[in-house]
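Written below as structure tokens is the structure these notes are about.
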Amino acid sequence: MVTTELDDRTIPLHDAEGFAGMRRAGRLAAEVLDMLVGHVAPGVTTLDLDRIAHDFIIARGAIPATVFYRGYSHALCTSVNHVICHGVPNAKPLREGDILNIDVTVIVDGWHGDTSRMYFVGDVPLKARRLVDLTFEAMWKGIEAARPGARLGDIGHAIQTYAERHRLSVVREFCGHGVGRRFHMAPNVVHAGRPGTGPELKPGMFFTIEPMLNLGRPEARILDDGWTAVTRDRSLSAQFEHSIGITETGCEVFTLSPAGLHRPPYHRI
Ligand code: MF3
Ligand code: CO
Ligand code: CO
């Protein structure tokens, strides 16, 4: 989500029916990412992955939320190496050593499940594996800060502190977002910030946490296709995303992998 687009004053609070809806949508989105694990390999194209995911989603009676979304026309965003996010699937074969983020959003009975993970294409250099591991941990630092009584800024602060301690930079141009019956809504969930700032978190709030971390500088640039966001310095970038709901005691993660394929390398499992 492009930062600054949303109004944080109106964050909906959902009931048990909302949690049940998000559980179904989140589970299917996670199943798409589980299913794709077996398809990511050198020589495969991101368009191949998009078609496989599209067919899988339709076969389950769900809707790929990004098709026809603001002029986008694919089921997946596929962001390779220095692409930060919103990479558009294309016909270029993946190569050994690439790192890839696959981001999918499905609509099930009107509820949106939005999640992304990193994938390794064959053997990946240590510095890229380290970036991916630290980005996964950074997302979880944010999720652990998401509980009633905390502030939205605590999430960004937890992510930023962890990232910068490990000499990674946090992308500012894109953020997490409220999610539910709509794809993108309040609040803006920025991944860097000051503790104790922003709206108070309350049970029933639904939003994504989706930090993008770079090995180099944080600045992003959009390519001429109007979508693909890349690091200005062409350094590697990684991202993970979960959709969560604030509960009475903490939060529920709607998009956990049913197969336990939480982070690469997946072939160990
Ligand atoms: N799934 C992305 C997110 O996490 C949004 C993709 S919008 C698209 O918010 F149009 F680029 F697909
Ligand atoms: Co999202
Ligand atoms: Co997403």
Side-chain angles (χ1 to χ4, degrees), residues 1-6 11 22 25-34 36 46-47 49-51 53-54 57 62-80 83-90 100-108 111-119 135-136 138-139 142-143 146 152 155-156 159 170-191 205-213 220-230 237-245 251 253-257:
M1 183 71 224
V2 179
T3 305
T4 70
E5 226 170 289
L6 301 163
I11 306 173
M22 286 301 288
R27 182 181 175 92
L28 181 63
E31 284 171 352
V32 174
L33 298 185
D34 285 350
L36 288 170
T46 49
L47 263 181
L49 299 173
D50 185 69
R51 184 185 38 77
H54 186 276
I57 293 163
I63 299 167
T66 51
V67 176
F68 304 128
Y69 180 78
R70 298 186 176 194
Y72 199 80
S73 50
H74 294 88
L76 302 178
C77 293
T78 50
S79 301
V80 181
V83 179
I84 295 171
C85 64
H86 302 166
V88 181
N90 62 36
L100 165 72
N101 175 278
I102 302 180
D103 190 338
V104 66
T105 306
V106 298
I107 310 174
V108 176
W111 296 96
H112 292 71
D114 184 5
T115 184
S116 83
R117 286 179 217 157
M118 297 301 295
Y119 296 74
T135 305
F136 179 83
M139 172 187 66
I143 293 171
L152 201 60
I155 295 173
I159 292 167
V170 180
V171 172
R172 307 301 208 276
E173 287 93 335
F174 302 93
C175 62
H177 50 90
V179 67
R181 288 212 170 269
R182 300 217 327 256
F183 189 175
H184 293 113
M185 57 207 232
N188 269 307
V189 183
V190 296
H191 302 112
M205 289 182 175
F206 294 169
F207 52 83
T208 71
I209 298 180
E210 48 181 301
M212 289 140 274
L213 304 188
R221 182 169 71 84
I222 311 284
L223 300 187
D224 290 339
D225 62 15
W227 285 105
T228 311
V230 301
S237 186
Q239 178 180 30
F240 284 86
E241 173 176 24
H242 275 310
S243 295
I244 72 167
C251 71
V253 181
F254 298 124
T255 44
L256 288 176
S257 165

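All ligand and atom numbering here is 1-based and tracks the order in the structure. What you see is a predicted model; the values in this text were computed from it and never measured. We're numbering straight along the sequence, starting at 1.
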Residues D34, R117: salt bridge by 4.0 Å N-O rule: yes
- request: May I ask you to test the R181-W111 pair for a side-chain heavy-atom distance under 4.5 Å?
  value: yes
message: Does either side chain, that of D114 or that of S243, offer a donor lying less than 3.5 Å from an acceptor on the other one?
response: no
- request: Everything protein-side that's N, O or S and under 2.8 Å from the Co ion (ligand 2): list it, residue and atom.
  value: D114 OD2, H177 NE2, E210 OE2, E241 OE2
- prompt: With side chains defined as the heavy atoms from C-beta onward, is the minimum distance between Y72 and V88 less than 4.5 Å?
  reply: yes
task: Evaluate the side-chain proximity of T255 to L33: yes if any heavy-atom separation is below 4.5 Å, no if none is.
output: no
Residues forming a ring pair (Phe, Tyr, Trp, His ring centres under 6.0 Å) with H191, sequence neighbours excluded: none
task: Quick one, list the residues around ligand 1 where some non-hydrogen atom comes in under 4.0 Å, by chain and residue number.
output: M1, T66, Y69, Y72, C77, H86, D103, T105, D114, H177, F183, H184, E210, W227, E241
message: Tell me whether N101 contacts the main-chain N or O of A238 through its side chain, where contact means a donor paired with an acceptor under 3.5 Å.
response: no
task: Using the test side-chain contact (heavy atoms from CB on, under 4.5 Å), find all partners of A65 that sit at least two apart in sequence or belong to another chain.
output: T105, I107, H112, F183
- prompt: Do the non-hydrogen side-chain atoms of F174 and H86 ever get within less than 4.5 Å of each other?
  reply: yes
